[in-house]
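What follows is a short report on a single structure.
Just follow the structure's listing: the first ligand is 1, and inside any ligand the first atom is 1. We're numbering straight along the sequence, starting at 1. Reckoned from all heavy atoms, side chains included, excluding hydrogens, waters and symmetry mates.
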Amino acid sequence: MVMGKGGVGKTTIAASIAVDLAGRRREVHLTTTDPAAQLAETLGSAVPGLAVSRIDAAAEVRLYRDDMIARNRDRLGPEELALLEEELRSPCYEEVAVFLAFARIVKGARREFVVMDTAPTGHTLLLMDTTGAYHRETLERTRGVAGRVTTPLMQIQDPEYTKVIVVTTPEPTPVLEAEALQDDLRRAKIEPFAWVINGSLAAAKPRDTILRQRARAELEPIRDVRERLARRVAIVPFLADEPIGALRLAALARG
Ligand SMILES: Nc1ncnc2c1ncn2[C@@H]1O[C@H](COP(=O)(O)OP(=O)(O)O)[C@@H](O)[C@H]1O
Ligand SMILES: [Mg+2]
């Protein structure tokens, strides 16, 4: 799971990991909640061994509402049904619907590598939150039932099953935001596997005086990530050629 704020390079890093795994002849599934065009632009053409999918929040919530109505049509009177329809229009059902789609994909990772590029801003937290609610609900429903239950949250918490990668750029504010994300994950008992510092001018070793000045300003936030925040760090330079297309993405992953 590749996490971070919008614009830090999540889709790029997720696609680069997916392309690299596919190159090692693994079965790989790359999935995103970004608009379809975004991923298509990053990947370029199809990559052998790499399946790509997109969680469409609007479509998922439509499916979820229709399903709930269909299940209850015979059970409820017209007034109760109208109430249910109104309730299902509440925005929280969008998160539930997106989560259910997400949980299906997490399950699929038993058979293949799944690389998830999660949506920007607040979404991640909501995702974890709904994961938590679902987790409790599943445990309650199955209490007293024999056998072991594995919920999606348990799969995400399991470091052998899920590796969370936090992406940031080497600037103070994005690093603070990534730290807040890491804190939220830790509250859900999820320990990020590694951080990626993306788009580093310092790592690009510029000759230009102004760029060198900006590169120096990165040293403090980079040190902060290295020494205080992350267990493992990869630094990706700011690339003069935008990292799009399988070849450049593979090169990025190889460092
Ligand atoms: N290391 C890099 N060097 C240069 N451009 C980059 C780098 N990483 C990402 N980009 C470019 O920055 C833009 C935003 O990256 P993207 O992966 O779409 O971010 P996010 O998914 O976090 O919103 C894209 O145009 C991408 O090609
Ligand atoms: Mg993206």
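- In summary, the side chains of Thr42 and Thr12 do not present any donor paired with an acceptor at a separation below 3.5 Å, with no hydrogens or angles considered.
- Geometrically, ligand 1 and Thr12 share a nitrogen or oxygen pair separated by less than 3.5 Å.
- Considering all non-hydrogen atoms of both residues, Gly199 and Pro170 come closest at O-CD, 4.1 Å.
- Each of the atoms 22 (O) of ligand 1 lies under 4.0 Å from some heavy atom of Val8.
- Considering backbone and side-chain N/O atoms, Leu239 comes within less than 3.5 Å of an N/O atom of ligand 1.
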I would like to know whether Asp20 and Arg24 meet salt bridge (Lys or Arg N to Asp or Glu O under 4.0 Å); could you show each step before the answer? CA-CA 7 Å; Asp20 185 76; Arg24 295 166 195 247; 2.7 Å; yes
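- Here Thr11 meets the criterion, with an N, O or S atom under 2.8 Å of the Mg ion (ligand 2).
- Between Lys5 and ligand 1 there is a heavy-atom distance shorter than 4.0 Å.
- Residue nearest to atom 25 (O) of ligand 1, selected from Lys10, Glu41, Gln38, Glu242: Glu242 (by heavy-atom distance).
- Remark: ligand 1 atoms within the under-4.0 Å shell around heavy atoms of Gly9 are 15 (O), 16 (P), 17 (O), 19 (O), 20 (P), 22 (O).
- Sorting the N, O or S atoms of Asp34 by how far they are from the Mg ion (ligand 2) puts OD2 first.
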Is there a salt bridge (Lys or Arg N to Asp or Glu O under 4.0 Å) between Arg75 and Glu80? Walk through the geometry before answering. CA-CA 9 Å; Arg75 223 168 46 80; Glu80 288 170 311; over 6 Å; no
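- Using a 4.0 Å cut-off to heavy atoms of Pro237, the atoms of ligand 1 that qualify are 1 (N), 2 (C), 3 (N).
- Among all heavy-atom pairs drawn from Trp195 and Val175, the shortest one is CH2-O, 4.3 Å.
- At a threshold of 2.8 Å, the Mg ion (ligand 2) has no backbone or side-chain N, O or S atom of Asp117 nearer than that distance.
- Between the Lys10 side chain and the Lys5 main chain, a donor and an acceptor come within less than 3.5 Å of each other.
- For ligand 1, the atoms sitting less than 4.0 Å from at least one non-hydrogen atom of Phe238 are 3 (N), numbered in the order shown with element in parentheses.
- Separating the CE atom in Met1 from the CD1 atom in Ile105 is a distance of 10.0 Å, to the nearest 0.5 Å.
- Between the side chains of Thr11 and Asp34, at least one donor-acceptor pair of N or O atoms lies under 3.5 Å.
- The closest side-chain heavy-atom distance from Val52 to Thr31 is not below 4.5 Å.
- Listed by atom number, the atoms of ligand 1 under 4.0 Å from Val236 heavy atoms are 1 (N).
- Across the listed options Ile244, Ile197, Asn198, Leu201, Asn198 owns the non-hydrogen atom lying nearest to atom 1 (N) of ligand 1.
- Proximity to Gly199 (heavy-atom distance under 4.0 Å) selects the following atoms of ligand 1: 1 (N).
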The test is salt bridge (Lys or Arg N to Asp or Glu O under 4.0 Å); show your working for Arg186 and Glu191 and say whether it passes. CA-CA 6 Å; Arg186 283 178 171 163; Glu191 183 60 34; 2.9 Å; yes
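- For ligand 1, none of its N or O atoms has an N or O atom of Pro243 under 3.5 Å away.
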